Structures are given as structure tokens and as C-alpha cells.
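By convention in this document, chain letters (A, B, ...) are assigned in the order of the sequence lines, proteins followed by strands, and residues within each chain are numbered from 1. Here the structure is a predicted model, which is why all the values come from computation and not from measurement.
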Amino acid sequence: MPEPLPAAPLPGAAELPALHAALDDWFAANARDLPWRAPECTPWGVLVSEVMLQQTPVVRVLPVWEEWLRRWPEPSDLAGEPAGEAVRSWGRLGYPRRALRLHAAAAAIRDGHGGLVPGAYAELLELPGVGSYTAAAVAAFAFGRRETVVDTNIRRVHARLVLGSALPSQALTAAEMRLAASLLPADPGASVRWNASVMELGATVCTARAPKCGQCPVRESCAWLAAGEPAPTYTPKGQAWHGTDRQVRGAVMAVLRLAEDPVAPELFYRAPADLGFEPQGIAIPLAALHRLNAAPEQLERALAGLLGDGLAELHLGGVRLPA
DNA sequence: GAATCGTGGGA
DNA sequence: TTCCCAAGATT
């Protein structure tokens, strides 16, 4: 299939070194001091950070990551615990399936890789919860490999800087991957710094809303600024939340995370006050769940979904986190 | 390709 | 208050 030509000429071989140098200098002076970027951070620490950072802001990941690495310094440490411990210690990071998959990845690393996080993209990609972005990111940032790392930040920077668009396309395309590959420095060390600096630029300066173009080290090269900051050609559709099954799932998960013992499913369908619970412990998330006023069918779907995903399991008539 | 999957903070 | 969206993966 023929693809449309880029809206702006791509940076040529003559311009790329200057672009690389500009972002290299900017990153050296402005990079955030994040623990998973420290030289002593292990590949396991990098992998945990990358999974936690999927769709979750840095500030919320930081304390949970610290606790995970303190408690489970190596993959085998996590693999030796029940999966439910991973889900519980995930706290309120969201998308708790990630905790389950990270636990499964730890077991795969212990059983299939001698307990060491693999450094090859193809091997990383085989791990549960690791997709194309995370595999490339771990290979690059933990092992210094030359990989084409493409996340939402990098896509947005490329869209503006090179293509002159306000936002990247709604779905990642093969053309974007080729563009990213064409911009990557040949030297492995330089490529790692480039990936990290473009991502950092997108996260802190070239943001989705209200970009700080005045602070941008490559604003003179930006196709979007040159084009007069054209508006997006589409409006992203928001994610519904209130009244959805997802909201109910989240509320049920909050109960299970706090429960010491299996929770009788009937409790999900009644107000804690009617059950004679004091407003403490498990009664707090139960009350929050009840306030959602979810239809019984909705609660059934949420529970069935959690059981199907392995985020909950039945045990002696109750529901609990997976063993 | 589109839908699904949490959560909380900032604009 | 409401809306947006943040280092995606999976089906």
C-alpha cells in the first residue's frame, strides 16, 4: 500500500548530527533524576519501572517502584511469592493486570533465563506484559542496545518536529517506526541517549497540552512551529468512567486488595451498613462500591471479568486475590 | 483495527 | 465541575 508523503522534508544526513547534539546537551542539563536511570539500577529494576510506567505518571510510580525493589530485589524473589502479593502491593497504580503479568514474567525469567532479565529484544518480547515498546526500552536502557524505542512521547515529538502535526496519528503506524529508525544515531551509546532524551523532551517540554516551546532546544527545527502550530486534525475521544463496568471492577479490586480473608460475593451486593459492618477496614471500600449503585448484572460482569483475568479466584465460597 | 483495561492530578 | 491523558499490552 502506498503511503502519503511526509508533510515536511525529513531531516537529512547533514542535519541529524546537530539535532542529536542539541538534545544530548539538553538532556545532560535537564534530565529528571529518576532512580531507574541510576547506573547501579539493575535490568530488573528497569523492567519493573517500564511496566509500571505504562499509562501511569512518574510521580505515582516512584514510591511503589521503591517498595517493589526493596522487597523483591531480583525476579526470583517476586516469583517465589503468591501472585496476589504482587497485585496487593501494586496498590492504586491502575491496570492491575500489569502486576499479574510482571509476576508471571518474573517466573519466566527464573525458569527460562537463569533468573536474569534477558537483554535481547526478541526474548524480552516473549515475557508476559512486555510488548514492542517495553522490549525495546529495556534492551536500550538496561543493556545499552541500539533499539528503535517508540512511545507516546517520542511519537508526539516526531509528529511535531518532523511531520509538522500537532499530534501523532491515533494508531502507531509502520511509517512512524521507519521514521524513528531513520532518526536513530548509528552509535549504540548515542542511540540510547537519543531515545531517552526525545522521550524526556516529550514528557516535560513537548507535552500533549500547552507545550513549552520557549524551553525547547530544537524549536528552530520544529516543523509544527514553522507551520504556525496547526490544530489537531482529529479530536481524541475521551475514556468513559462514571457508571462503567471498569469503575465497578476497580471498586471490587479495592475491596480484594484490602481483604485479609476471602470475601463472600454477597457482600458486593449489599450496603455495609445493612450488614452491620463498622466503617473501617474492608467496610470502607465496600461502602465506596455500594455508593456506585451498580446494577447486579454489572457486578456480575465485573466479578466474572476479574475471575477470568486471574485477578481474583474463588476460595471456599469467597473471592480473594490469586495465590 | 477497535475495544478493553484503573487511577488520580492538573487545566 | 468536567475533561484530558499518562514510558501500552492484549484480544
Side-chain angles (χ1 to χ4, degrees), chain A residues 1 31-32 34-37 45-65 87 90-102 104-105 124-142 147-157 167-174 180 192 195-204 206-212 232 234-257 285 288-289 292 301-302 304-306 308-312:
Chain A
M1 284 295 289
R32 290 169 293 178
L34 302 173
W36 43 85
R37 286 177 177 164
V46 173
L47 173 60
V48 172
S49 80
E50 290 300 343
V51 174
M52 287 184 173
L53 287 164
Q54 292 168 4
Q55 303 287 284
T56 307
V58 166
V59 287
R60 282 173 46 208
V61 165
L62 279 169
V64 183
W65 183 88
V87 175
W90 195 253
R92 305 187 66 81
L93 279 187
Y95 293 151
R97 293 192 289 203
R98 293 181 293 168
L100 215 50
R101 288 171 179 158
L102 205 37
L124 287 161
L125 197 56
E126 292 299 310
L127 298 174
V130 175
S132 58
Y133 161 74
T134 303
V138 173
F141 302 139
E147 301 284 348
T148 304
V149 179
V150 176
D151 78 323
T152 187
N153 290 308
I154 290 179
R155 294 186 64 212
R156 188 173 52 251
V157 171
L167 296 173
S169 57
Q170 291 171 286
L172 177 59
T173 64
V192 171
N195 282 325
S197 59
V198 175
M199 200 178 310
E200 186 78 349
L201 186 73
T204 64
C206 194
T207 50
R209 287 174 297 185
K212 307 172 181 68
Y234 66 93
T235 54
K237 57 178 179 182
Q239 310 164 351
W241 175 247
H242 289 286
T244 63
D245 290 0
R246 286 171 86 176
Q247 188 183 29
V248 177
R249 262 180 77 117
V252 171
M253 279 301 303
V255 175
L256 295 184
R257 277 197 306 268
L289 171 61
L292 297 181
R301 285 197 301 272
L306 291 173
D309 288 346
L311 279 165

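- Across all strands shown, Trp36(A) has heavy atoms under 4.0 Å from base atoms, whether or not it also approaches the sugar-phosphate.
- Take Arg92(A) and apply the salt bridge (Lys or Arg N to Asp or Glu O under 4.0 Å) test, not counting sequence neighbours, and it matches no residue.
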Footprint string (nucleotides 2-11 of chain B, 5' to 3'): B base within contact, S backbone only, - free, heavy atoms under 4.0 Å: -S-BBBS-B-
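- In terms of position on DNA chain C, the residue among Leu125(A) and Gly202(A) whose nearest nucleotide sits closer to the 5' end is Gly202(A).
- Comparing Ser49(A) and Val130(A) by the nucleotide of DNA chain C that holds the closest heavy atom to each, the one mapping nearer the 5' end is Ser49(A).
- Among the heavy atoms of the strands, none lies under 4.0 Å from Arg301(A).
- Arg37(A) places no side-chain N or O within 3.5 Å of a backbone atom of Phe141(A) that could act as its donor or acceptor partner.
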Please walk me through it: do Val87(A) and Met253(A) pass side chain to side chain contact (heavy atoms under 4.5 Å, CB included)? CA-CA 9 Å; Val87(A) 175; Met253(A) 279 301 303; 3.5 Å; yes
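- Atom C1' of dC5(B) sits at a distance of 14 Å from the matching atom of dA6(C), rounded to the whole Å.
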Please assess Val61(A) against Trp36(A) for the test side chain to side chain contact (heavy atoms under 4.5 Å, CB included), listing each intermediate value before the final yes or no. CA-CA 11 Å; Val61(A) 165; Trp36(A) 43 85; 4.0 Å; yes
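- With sequence neighbours excluded, no residue satisfies side-chain hydrogen bond (donor to acceptor under 3.5 Å, both in side chains) with Thr244(A).
- Spacing of C1' atoms, dA9(C) relative to dG9(B), comes out at 24 Å, to the nearest Å.
- You can see that DNA chain C meets the heavy atoms of chain A within a 4.0 Å-exclusive cut from dC4(C) to dT10(C), reading 5' to 3'.
- Taking atom C1' in both dG8(B) and dT10(C), one finds a spacing of 24 Å when rounded to whole Å.
- Applying the side-chain contact (heavy atoms from CB on, under 4.5 Å) test to Ala312(A) and every residue at least two apart in sequence or in another chain returns Leu256(A), Leu306(A), Leu307(A), Val319(A).
- Here, dC5(C) and dG6(B) have their C1' atoms 13 Å apart, quoted to the whole Å.
- No engagement by Leu100(A) is indicated, since no non-hydrogen atom pair under 4.0 Å with the nucleic acid exists.
- For dA11(B) and dA7(C), the P atoms lie 15 Å apart once the distance is rounded to whole Å.
- Contacts of Ala208(A) with the nucleic acid, taken as non-hydrogen atoms under 4.0 Å apart, involve only primed sugar atoms and P, OP1 or OP2.
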Side-chain donor/acceptor pairs under 3.5 Å, residues 125-134 of chain A, sequence neighbours excluded:
{"from": "Tyr133(A)", "atom 1": "OH", "to": "Glu50(A)", "atom 2": "OE1", "distance (Å)": "2.7"}
{"from": "Thr134(A)", "atom 1": "OG1", "to": "Gln54(A)", "atom 2": "NE2", "distance (Å)": "3.0"}

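- One N or O on the side chain of Arg98(A) and one on the backbone of Leu93(A) form a donor-acceptor pair closer than 3.5 Å.
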Could you go through the side chain to side chain contact (heavy atoms under 4.5 Å, CB included) check for Val58(A) and Leu53(A) one step at a time? CA-CA 7 Å; Val58(A) 166; Leu53(A) 287 164; 3.8 Å; yes
